[in-house]
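Have a look at the structure below, then the notes.
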Number of protein chains: 2
Amino acid sequence: MVSTATIAEIAALAGDPARAAMLNTLMDGRALTATELASVAGVTPQTASGHLARLTTAGLLAVEKQGRHRYHRLASPMVAQMVESLSQLAATLAPPGRRVATGPRDLALRTARTCYDHLAGRLGVALTDALLDAGHAEIDGDAGAVTDGGLAFFAGIGIDLERATTRNGRRSSRVFCRPCLDWSERRPHLAGAVGAAICSHAFEQGWIRRVDGSRAVAVTRKGEQALRSAFGIAL
Amino acid sequence: MVSTATIAEIAALAGDPARAAMLNTLMDGRALTATELASVAGVTPQTASGHLARLTTAGLLAVEKQGRHRYHRLASPMVAQMVESLSQLAATLAPPGRRVATGPRDLALRTARTCYDHLAGRLGVALTDALLDAGHAEIDGDAGAVTDGGLAFFAGIGIDLERATTRNGRRSSRVFCRPCLDWSERRPHLAGAVGAAICSHAFEQGWIRRVDGSRAVAVTRKGEQALRSAFGIAL
DNA sequence: GGAATGCTTCGGCCCCGACCGTAGCATCGA
DNA sequence: TCGATGCTACGGTCGGGGCCGAAGCATTCC
């Protein structure tokens, strides 16, 4: 966050194949570790470390230290917008034959996808809205919380939040509930242990299933019924 | 227009100081010669020629041959949008204290300027606000629209939106109306075909004129009257 | 405690590409 | 026809930076 930040400097940062792959991977709003990003970029961890350091000092990425892991995410929606405009342009300029098939996949991603370990897209935001409206959860700035009524509600539909926050009988240090700005909806959805518990429960109950092994998920017929009866959601 | 056009390739093209200066200079939508662009980039003509060739084959620039001159311009509004998003990010990431020396030239830029092919700055935002307040246009998120009343309004002041959206008798695929976040005002102004039509009309009617051949424009006396009577704007 | 894991720093290699000087093509004005 | 101008093509130089191997901290697990 030191240098004078010219257009050329920003573009040069995104102009390296390895760094571009990292930025593109982080476009879903997740926070990934340096090793994971090294993998997607196809470089060794020490090389990735250098790239991540440059992206971070430039202000494009934000890091969150958690134990021996360092989670990297896009620093702001504006960075996502910049990457998005690059993607659009790349898709347009690519020879029509070799254009990445647009449409169903993108539509699926915007409808419902996983964001790290919780749900995002229209589904994730709709779930969050429903929980907020019902008074089961609250969001205030960067903080989130589940109300007492919410705890009972989750228990009633089979989501044990006690179990979700403990591992090996010991309390996890993980953030219990926090809002996460949705990349496509530009509105918050629930993350943290609560978001993860909802997501894994939805998978276990067969409400949703992965599409093509990508981040996109599809809501099953059973899931539609469950979401309507439990949350009052008609996606 | 050959290679597969990845994000990294596009960004790398914009990541060179000389090429970035060229792209930035072309942001006003004009077409400049190679020599002029070499001047603003601070390189020799032969170096600039190489840069321009790369930008052109990549599809970022379009060339128009006229005699012994070759006029270069941005290939599409999408390129302008990409450069715009880079500018925004650069302005945001720059240390607040040492932002480029603010002077009369900057003041003129902030007051009124062209953004590719439409109006920006205080003038652009004021025009947009007036249109929104009068119900002539609407903005919802990333989408914009002109109302039926708006169409009649524009026709009344001599702006034919039908003509603006058709080319050679066929409907252009260009986005009709979209909001564009103003770099200096941090609020949206109108872009797309509508924004372009307003801008060109303002030039044709002598409401505004260029300053020093830069992106800045000055509102003429005639323009002040027209803006006040037609839009109710007192800049 | 010791070992394993995640990440960073350091040093050195090496390639890409930005730059210019020179020279070669087009076009315009006499 | 002959310069003058605008632009491009080629060759050579050289500096930045991407890459990895080796080594050094920090943290966690057993």
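Protein chains get the first letters and strands the later ones, always in sequence-line order, with residue 1 at the start of each. All values below were derived from every heavy atom in this structure, side-chain atoms included, with hydrogens, water molecules and symmetry-related copies excluded. Note that the coordinates shown come from a computational prediction; the quantities given were computed from them, not determined experimentally.
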Open item on the list: From C-beta outward on B:Lys65, which listed nucleotide comes closest to its side chain: C:dT27, D:dC20, D:dC19?
Closed with: C:dT27
Task: Rounded interatomic separation in angstrom, taking CD from A:Glu9 and P from D:dG16 - done: 15 Å
Open item on the list: Within the structure provided, determine whether B:His72 and B:Met22 are in side-chain contact (heavy-atom separation under 4.5 Å).
Closed with: no
TODO: Any chance you could measure B:Arg73, atom CZ, to B:Leu61, atom CG, to the nearest 0.5 Å?
DONE: 9.5 Å
Task: Closest to the B:Arg54 side chain, choosing from C:dG17, D:dG21, D:dG18 - done: C:dG17
Open item on the list: Rounding to an integer number of Å, can you tell me how far B:Glu64 CD sits from C:dT27 C1'?
Closed with: 17 Å
Open item on the list: Quick check on side-chain contact (heavy atoms from CB on, under 4.5 Å): which of A:Val146, A:Val125, A:Leu132, A:Thr128 does A:Leu190 satisfy it with?
Closed with: A:Thr128
Open item on the list: Nearest whole Å is fine: how far is C:dC20 C1' from B:His51 NE2?
Closed with: 11 Å
- [ ] Please assess B:Val40 against B:Asn24 for the test side-chain contact (heavy atoms from CB on, under 4.5 Å), listing each intermediate value before the final yes or no.
- [x] CA-CA 10 Å; B:Val40 300; B:Asn24 203 31; over 6 Å; no
Task: Donor-acceptor contact below 3.5 Å, side chain B:Glu36 vs main chain B:Thr33 - done: yes
Open item on the list: How many whole angstroms separate atom CG of B:Leu32 from atom C1' of D:dG6?
Closed with: 15 Å
Task: Nearest non-hydrogen partners of B:Ala90 and A:Thr6, listed with the distance - done: CB-C, 3.9 Å
Write down the protein N/O and nucleotide N/O pairs, taken from nucleotides 7-11 of chain D, whose separation is under 3.5 Å; answer none if there are no such pairs.
from	atom 1	to	atom 2	distance (Å)
D:dC7	OP1	B:Ala34	N	3.3
D:dC7	OP2	B:Thr35	N	3.0
D:dC7	OP2	B:Thr35	OG1	2.0
D:dT8	OP1	B:Arg70	NE	2.9
D:dT8	OP2	B:Ser49	OG	2.7
D:dT8	O5'	B:Ser49	OG	3.2

Task: side-chain contact (heavy atoms from CB on, under 4.5 Å) between B:Ile208 and B:Phe203, intermediate numbers included - done: CA-CA 6 Å; B:Ile208 53 177; B:Phe203 273 117; 4.0 Å; yes
Open item on the list: Determine whether a donor-acceptor pair (N or O, by modelled atom type, separation under 3.5 Å) exists between the side chain of B:Thr220 and the backbone of B:Trp207.
Closed with: yes
TODO: Consider the side chain of B:Ala18, meaning its heavy atoms from C-beta on, and name the nucleotide among C:dC19, D:dC20, C:dT27 that approaches it most closely.
DONE: C:dC19
- [ ] Pull out every stem in DNA chain D, meaning runs of 3 or more consecutive Watson-Crick or G-U wobble pairs with both distances under 3.5 Å.
- [x] C:1-30 with D:1-30
